[in-house]
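Quick notes on the structure that follows.
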There are 2 protein chains.
Amino acid sequence: MHFKFKINENNEIVNYQNRGMELEHEINDTNSYYRDNQIALIYKRPTPIKVVKCVNKKITEAYFEEESTTDYYGLCKGKYIDFEAKETTSKTSFPLANLKENQIEHIKNVTQNGGYSFLIVSFTDIEKYFILLGKDLIEFINQDARKSIPLNYFLEKGFEIKRGLIPPLDYLEVLEKIFKF
Amino acid sequence: MHFKFKINENNEIVNYQNRGMELEHEINDTNSYYRDNQIALIYKRPTPIKVVKCVNKKITEAYFEEESTTDYYGLCKGKYIDFEAKETTSKTSFPLANLKENQIEHIKNVTQNGGYSFLIVSFTDIEKYFILLGKDLIEFINQDARKSIPLNYFLEKGFEIKRGLIPPLDYLEVLEKIFKF
């Protein structure tokens with residue numbers, strides 16, 4: 001496991017550079033912590049690959065396909081967990097262009113089948129992280145024609161995840177508190 | 001959805017040829033039925049691919065990797081489901097050589113995290129299908145030095161799945177009856 005942070009002049013923990021991948025690293029480190037401590041098994045879905053040509057077990061032509069599901073899935077205490085992680089530099093809203101239509105469809109399907117499906121959105125410039133449940137995402141999309149979800153909606157309907165040290169982003173603790181599983 | 005069966009001279013439903021892939025087709029058709037009827041979402045895991053060379057979005061060298069998990073995963077009523085499907089032509093036992101060590105490790109991990117992890121084994125020559133729960137698989141491996149699990153163990157500890165028409169192999173109905181979820 002690796003942690004990427006430093007202590008600033010006010011004795012606060014601050015993020016390293018490389019912001020674009022920061023959330024993914026934080027989640028991967030958190031998932032390693034969950035696995036090592038038998039809290040949960042959360043897997044990163046590999047990017048789907050379309051194989052076009054394969055000669056003697058060697059693939060010689062293939063292409064990465066567009067994601068049709070979410071980044072992560074797994075289980076915690078027997079419950080099915082499924083989520084997409086996104087960063088935005090916007091201070092005021094999360095642009096829905098970040099999500100593909102079939103990803104939203106996937107989140108809807110998992111929600112309908114009783115799974116915990118959600119987004120983790122990192123507002124990097126204000127250093128806030130939120131869980132937005134699939135049902136609240138779908139409700140927003142159904143009721144609102146806007147092309148981005150305002151920060152206020154996250155503050156009202158979402159659940160904030162406080163950044164920690166080990167694990168860096170304890171999102172399951174937040175979920176467990178809400179749903180008491 | 002496609003179904004592969006025919007009616008024999010005794011008016012019984014019998015399987016088509018192509019036995020080697022039969023179980024996989026039956027499970028895939030069953031999973032389509034589950035999805036279409038909003039009973040469950042069960043996914044087939046793609047074979048992992050190791051990408052070695054990629055030029056301008058075209059992958060020019062890659063290899064299929066050995067499976068380290070199981071064939072299928074997903075959710076039913078919020079519960080995490082995870083299983084491996086295997087066929088054997090043996091009439092008396094299931095050879096453990098069919099399972100790789102890290103697959104057994106995976107089944108163990110899912111079981112420990114409260115998920116429903118199991119094998120579906122098809123004894124093709126006697127036309128019987130069984131669910132063997134992860135805990136019973138692990139128990140057998142821990143207690144018995146034998147290299148195959150006798151049919152009797154499936155009869156005693158496993159749960160038989162009766163072959164049907166639509167869906168062809170309703171394994172979740174069997175699980176739901178056992179665990180009342």
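Chain A is the first sequence line, chain B the second, and so forth, proteins listed ahead of strands; every chain is numbered from 1.
- Taking the centre of each ring, F181(B) and Y116(B) come in below the 6.0 Å mark.
- Heavy atoms closer than 4.5 Å to chain B are found in both the backbone and the side chain of Q38(A).
- Per-residue heavy-atom pair counts under 4.5 Å with chain B were compared for L75(A), D82(A), T60(A), and the maximum is reached by L75(A).
- A ring-centre distance under 6.0 Å is found for F83(A) and Y171(A).
- Note on A62(B), G115(B), G114(B), S117(B): by heavy-atom pairs under 4.5 Å with chain A, the leading option is A62(B).
- Aromatic pair F123(A)/F154(A): ring centres closer than 6.0 Å.
- For Y73(A), the part sitting under 4.5 Å from any heavy atom of chain B is the side chain, from C-beta outward, and nothing else.
- Residue contact with chain B, scored on non-hydrogen atoms closer than 4.5 Å, involves the side chain of V51(A) exclusively.
- Ion pair E105(A)/K100(A) not flagged as a salt bridge, since none of the NZ, NE, NH1 or NH2 atoms sits closer than 4.0 Å to an Asp/Glu carboxylate oxygen.
- With chain B as the partner, the residue from Y80(A), Y43(A), F64(A) showing the most heavy-atom pairs under 4.5 Å is Y80(A).
- Side chains of D136(B) and Y153(B): a donor-acceptor N/O pair is absent below 3.5 angstrom, by distance only.
- Contact annotation for K57(A): only backbone heavy atoms (N, CA, C, O) come within less than 4.5 Å of a heavy atom of chain B.
- Of the listed residues (N113(A), L41(A), V52(A)), the greatest number of heavy-atom pairs within a distance under 4.5 Å of chain B belongs to N113(A).
- If you measure heavy-atom distances from C76(A) to chain B, the contacts under 4.5 Å come from the backbone alone.
- Looking only at atom types and distance, the side chain of Y129(A) has no donor-acceptor partner in the side chain of E127(A) under 3.5 Å away.
- Distance alone, capped at 3.5 Å, is enough to place a donor-acceptor pair between the E87(A) side chain and the L23(A) backbone.
- Inspection of the Y34(B) and D170(B) side chains reveals an N or O donor paired with an N or O acceptor under 3.5 Å.
- Residue contact with chain A, scored on non-hydrogen atoms closer than 4.5 Å, involves the side chain of Q112(B) exclusively.
- Residue I81(B) does not touch chain A at all, counting heavy-atom pairs closer than 4.5 Å.
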